[in-house]
Structure formats: structure tokens, C-alpha cells
Amino acid sequence: MEGKTSSSPERGELLHEGKAKRVYSTSQPDLYIQEFKDSATAFDGSKKGTIGGKGSVNCLVSAKLFKLLESRGVKTHFVDLISDNEMVILPVEIIMVEVILRNVAAGSLVRNLGFEEGKPLVPPICEFHIKDDAIHDPLIADDHVIALGLATAEELGILREYGKKINETLIEFFDGIGIDLIDFKVEFGRRPDGTIILADEISPDSCRFWDKETGKKLDKDRFRFDLGDVEEAYQEILERTGASM
Ligand code: TMP
């Protein structure tokens, strides 16, 4: 197949289809393939559309950032890129808790908690949300996570620690390319031995990026709020991060 490395596992059955990605089994039991789609949703799926080239931008940017994080000691599910919108990943059981790190107030912090947009958050805020669109991914306290059996207290400690490390690494990387990392969402999964690793994606869909010079939003907020230049913003992130096959 064009663009595939010789060692790529063969794609098997579709195991899961989410709003922006599909996960397939492969010819090798301990490897899955994650495929990134151009389809876009916002507000828990109530707004739908397509962002041309998004699948490829999100896949390549995620791969670049996963590799960077691995080099800093953060274990991730990333194994290899096999095309510009498919990566080989390690299977995990996804922890149904979204971990959000915030360096500057935006989004739901402004909408729901009365923060002024743009207010620097020192130290950064780490939040947990239930990963469930049907109830709008609500903000949740540690005790709720534990009572619902979504994660243990020990696991929450690990998620917080990894979230902080990921934030520090990404702030430094984006600072170097003239971008302020406003906030981002990450998801983690459990390997069969219980080890927790970073999963899902890190992309303009799951982060807020503001250009340091102009303040221009270079992320999915352009789609959420019909700001225009959506595809251009995704391509700009691809180019500025230097992400490629
Ligand atoms: P929020 O301000 O809407 O809570 O979003 C915080 C960050 O999380 C922002 O960078 C966008 C990202 N995010 C997702 O990746 N998926 C989601 O479903 C939501 C609501 C936010």
C-alpha cells in the first residue's frame, strides 16, 4: 500500500468509530490502527461539519507530539505512522475521564465559571470531566470519579502528574514556535498489566492554540464559533509544528 512502511500490520475489523477517529484491529494481537477522519463535531455532536485535511493534520501533529512526549519519559500509545492519517497504536482500555489542563482562561471556564477570557492561570488548572457526550462531559470532582468507579484515587494521582508533565513539555514546544498553549484535553488508557499510558490524540481538535503575536486562534474554536479560515489554521499548525510523515 502506498505510503505504508514494510512492517505495517494489516488492518483488520473496525472495533470502534468515534466522531473524529476509527480504531481497527490488526493482524497482530497487540497492535491496533487509529485512523483520523476529516469529520468535525462540536458541542457534543450537535454541530457537524467537515474540515478538509483535518484527519491528516491531527494524525501527523499527534504523532509529532507523542514522540516528543516519549522522549521526555511520558509513555504513549503511539507506535508508528503508516500513512498521513493512520497510526499504529497499542491497545488500551480507555479511562472514561477527560483530563484538561489550562494555562489561560477560555472556553467552559469563561462560560460556566465566570473567569475572564485571557486571564493567566498560575499555577495551571487540572480538571477532570466525565467522558460522556450524552451528559455533556461534565466537570467532576475526584470523589465522583472514585464513587463512579471510573478510576482509583491512585490512578487520579497518576493522571494529574502526567497531565502536569505533558503541559510543561507542550508549553515549551509551542512557545518555541510562537504559540501560546491556552488549554488542552488528554485521555489515558490502561494496558493489560494496569500501566497507564497517554492515548487518543493531541491536535488542534483537542487544544487551544493562540498565536503569540496576533492572538489569532489556530484551533477548533474556528469551527465551533464560525470564525473562518478553519482549514488554513489547521494547515498552519501542521507547518509550524514541523509535523510530517
Ligand atoms: P472547554 O473549555 O470547552 O472545557 O475545553 C477545554 C479544552 O478541551 C479545549 O482545548 C478543547 C478541549 N476539548 C476536547 O478536546 N473535547 C471536548 O469534548 C471538549 C468539550 C473540549
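Note that ligands are numbered from 1 as they come in the structure, with each ligand's atoms numbered from 1 the same way. For the single chain, residues carry numbers from 1 onward in sequence order.
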Quiz item: Which protein non-hydrogen atom lies closest to atom 6 (C) of ligand 1, naming both residue and atom, and how far is it?
Solution: R208 NH1, 3.6 Å
Quiz prompt | S203 side chain to E201 side chain, donor-acceptor N/O pair below 3.5 angstrom | solution = yes
Quiz prompt | F43/F225 aromatic ring centres below 6.0 Å | solution = yes
Quiz item: So do the side chains of L113 and S108 get within less than 4.5 Å of each other, counting heavy atoms only?
Solution: no
Quiz item: What atoms of ligand 1 come within less than 4.0 Å of a heavy atom belonging to R102?
Solution: 1 (P), 2 (O), 4 (O), 6 (C)
Practice problem: Any atoms of ligand 1 less than 4.0 Å from a non-hydrogen atom of G107? List them with their elements. | Solution: 2 (O)
Exercise. Mark the output for H129 as yes if a heavy-atom distance to ligand 1 is under 4.0 Å, and as no if none is.
Key: no
Quiz item: When you look at D180 and N103, which way does the side-chain contact (heavy atoms from CB on, under 4.5 Å) test go after all the steps?
Solution: CA-CA 9 Å; D180 281 327; N103 299 309; over 6 Å; no
Self-check item: ligand 1 contact on R224 by region, counting heavy-atom pairs under 4.0 Å
Solution: side chain
Quiz prompt | E98 and F128: CA distance, side-chain angles, deciding distance, side-chain contact (heavy atoms from CB on, under 4.5 Å) verdict | solution = CA-CA 6 Å; E98 298 188 341; F128 298 129; over 6 Å; no
Exercise. Would you check whether R111 has a nitrogen or oxygen atom less than 3.5 angstrom from a nitrogen or oxygen atom of ligand 1?
Key: no
Practice problem: For atom 16 (N) of ligand 1, find the nearest protein heavy atom and state the residue, atom name and distance (0.1 Å precision). | Solution: K185 CE, 3.6 Å
Practice problem: Say whether Y234 and D205, considering side chains only, have a donor N or O and an acceptor N or O under 3.5 Å apart. | Solution: yes
Quiz item: Under 4.0 Å from ligand 1, counting heavy atoms only, is it the side chain of S206, its backbone, both or neither?
Solution: both
Quiz item: Just going by heavy-atom distances, which of D183, N112, L113 is nearest to atom 10 (O) of ligand 1?
Solution: D183
Quiz item: Could an N or O of ligand 1 be found under 3.5 Å from any N or O of S108, whether backbone or side chain?
Solution: yes
Quiz prompt | Ligand-side contact atoms (ligand 1) for residue partner D205, heavy atom cut-off under 4.0 Å | solution = 15 (O)
Quiz item: Between S71 and L68, is any pair of side-chain heavy atoms under 4.5 Å apart?
Solution: yes
Self-check item: Cation-pi, F209 ring and K217 (6.0 angstrom, 45 degrees)
Solution: no
Exercise. Can you sort out which atoms of ligand 1 are near F184, meaning under 4.0 Å from one of its heavy atoms?
Key: 10 (O)
Quiz prompt | Any protein heavy atom nearer than 4.0 Å to atom 12 (C) of ligand 1 | solution = yes
Quiz prompt | Which residue and heavy atom of the protein sit nearest atom 20 (C) of ligand 1, plus the separation | solution = D137 OD2, 4.6 Å
Quiz prompt | Nearest heavy atoms of F36 and G55, plus distance in Å | solution = CB-O, 3.1 Å
